[in-house]
Amino acid sequence: MNSRPRSTLRRDAIGLGLGVGVFGLSFGALAVTAGLSLWQTQVLSLLMFTGGSQYALVGVLASGGSAAAAATVAWLLGARNTFYAVRLAPLLARGPRRAVEVQWVIDETTAMATAAEPDGRAREAFLLTGAAVYVFWNVGTLAGSVAAGLAPDPELLGLDAAFPAAFVALLAPRLRADPVAGAVALLGGAVALALTPYAPAGIPVLASLVAVAPVVLRARRTSPTPDVTPGLTPDLTQRPTDGGTG
């Protein structure tokens with residue numbers, strides 16, 4: 001059943017892409033302020049393309065952390081995309097195109113594809129969202145990098161607070177609704193905050209991840225199995241016809 005028009009998917013994907021592009025502006029400015037060149041900053045967005053990991057990498061480097069610590073933190077934050085990939089694997093093309101599409105396996109495309117499953121448009125939503133987010137994120141990164149290079153003191157713009165503030169705003173409803181998520185956030189934040197004055201840059205984040213891991217694993221083991229009604233589970237193995245987007 002294809003009850004959700006393509007125009008609606010396109011509108012939602014572009015709207016999400018525009019929102020992500022605003023964060024791209026912040027990232028581009030922060031990366032240049034941290035000492036990266038415009039080209040280094042742009043390559044990160046083109047090839048790494050996972051905002052949380054990019055912010056973490058730049059943040060550790062800006063704090064004086066080593067490249068190894070920055071890369072480790074970025075890798076750990078990006079590891080969640082592995083779980084998304086397992087979920088979205090049936091939607092990805094086969095052959096050479098798969099190597100391109102797999103880069104678009106991120107939070108936004110996973111959310112949009114999952115929401116479109118009941119309408120049979122999961123792959124279409126994935127591709128539209130992936131393309132929109134990729135384009136706007138990179139355009140935003142470039143614009144932010146150029147603006148930071150022209151500004152006499154980019155730090156005065158206050159862009160360093162943009163991403164953390166938006167991230168907290170997005171998480172707040174989930175933390176209020178899920179006691180376990182709230183406990184994990186508080187524990188991780190407390191560990192990182194306690195270690196920040198004493199540990200090298202990047203180490204507090206790594207330590208907080210190690211501290212919350214047992215809580216997360218225990219919660220996953222004790223969580224009830226979702227009630228799945230036979231016949232109502234969306235089939236993600238269905239691929240679009242030749243007339244589709246991908």
Side-chain angles (χ1 to χ4, degrees), residues 1-2 4 9 12-13 16-17 20 44-57 71-134 137 167 170-171 173-175 177-178 180-181 184-185 188 205-206 208-241 244-246:
M1 178 179 65
N2 292 338
R4 193 179 189 190
L9 286 178
D12 292 345
L16 186 56
V20 171
L44 277 178
S45 284
L46 287 168
L47 300 182
M48 181 179 286
F49 187 53
T50 171
S53 295
Q54 292 178 229
Y55 272 102
L57 186 146
T72 301
V73 172
W75 178 82
L76 286 172
L77 288 176
R80 72 189 186 283
N81 292 347
T82 303
F83 300 99
Y84 298 159
V86 173
R87 181 73 171 83
L88 299 183
L91 301 181
L92 303 181
R94 293 174 175 80
R97 286 196 306 171
R98 192 179 187 90
V100 176
E101 292 182 9
V102 75
Q103 191 179 14
W104 291 355
V105 177
I106 54 176
D107 304 85
E108 292 83 3
T109 55
T110 302
M112 288 285 285
T114 302
E117 284 175 13
D119 297 332
R121 292 189 178 274
R123 174 170 166 80
E124 196 170 355
F126 168 80
L127 291 175
L128 288 172
T129 306
V133 171
Y134 189 81
W137 173 257
F167 193 67
L170 291 172
L171 281 180
R174 174 67 182 274
L175 298 182
D178 188 343
V180 174
V184 168
V205 176
L206 295 176
S208 66
L209 291 173
V210 173
V212 303
V215 180
V216 174
L217 292 175
R218 179 176 177 80
R220 288 178 64 87
R221 286 197 301 266
T222 58
S223 61
T225 303
D227 182 16
V228 178
T229 304
L232 295 181
T233 305
D235 184 6
L236 289 182
T237 61
Q238 292 183 352
R239 301 179 54 77
T241 62
T245 59

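Just so it is clear, the model here is predicted, and its values are computed rather than measured.
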| So, does Tyr134 use its side chain to make a donor-acceptor pair with the main chain of Leu46 at under 3.5 Å? |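 Yes; at least one donor-acceptor contact below 3.5 Å.
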| Hey, is the main chain of Gly130 close enough, under 3.5 Å, to the side chain of Gln103 for a donor-acceptor pair? | no
| request: Anything under 30° is parallel, anything over 60° is perpendicular, the rest tilted; go ahead and classify Phe126 against Trp104. | output: tilted
| said: So, taking the atom named CD in Glu101 and the one named CG in Leu88, what distance separates them when rounded to the nearest 0.5 Å? | reply: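 Rounded to the nearest 0.5 Å, the CD-CG separation comes to 11.0 Å.
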| field | Pairwise distance CG(Leu91) to CZ(Arg98) - rounded to 0.5 angstrom | value |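 CZ of Arg98 is found 9.5 Å from CG of Leu91.
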| task | Run the numbers on Trp137 and Glu108 for side-chain contact (heavy atoms from CB on, under 4.5 Å), then give the verdict. | result | CA-CA 12 Å; Trp137 173 257; Glu108 292 83 3; over 6 Å; no
| query | Shortest non-hydrogen contact from Arg123 to Ala93? | reply | NH1-N, 3.5 Å
| field | Heavy-atom closest pair, residues Met112 and Ala13 | value |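 So the minimum-distance heavy-atom pair works out to CE-N, 3.9 Å.
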| Those residues that, when tested against Thr50, pass side-chain contact (heavy atoms from CB on, under 4.5 Å) (two or more places apart) | Met48, Ser53, Arg80, Asn81
| salt bridge (Lys or Arg N to Asp or Glu O under 4.0 Å): which pairs involve residues 44-53, sequence neighbours left out? | none
| task | Decide side-chain contact (heavy atoms from CB on, under 4.5 Å) for Thr109 and Tyr84; before the verdict, give the C-alpha distance in whole Å, the side-chain angles of both, and the deciding distance to 0.1 Å. | result | CA-CA 9 Å; Thr109 55; Tyr84 298 159; over 6 Å; no
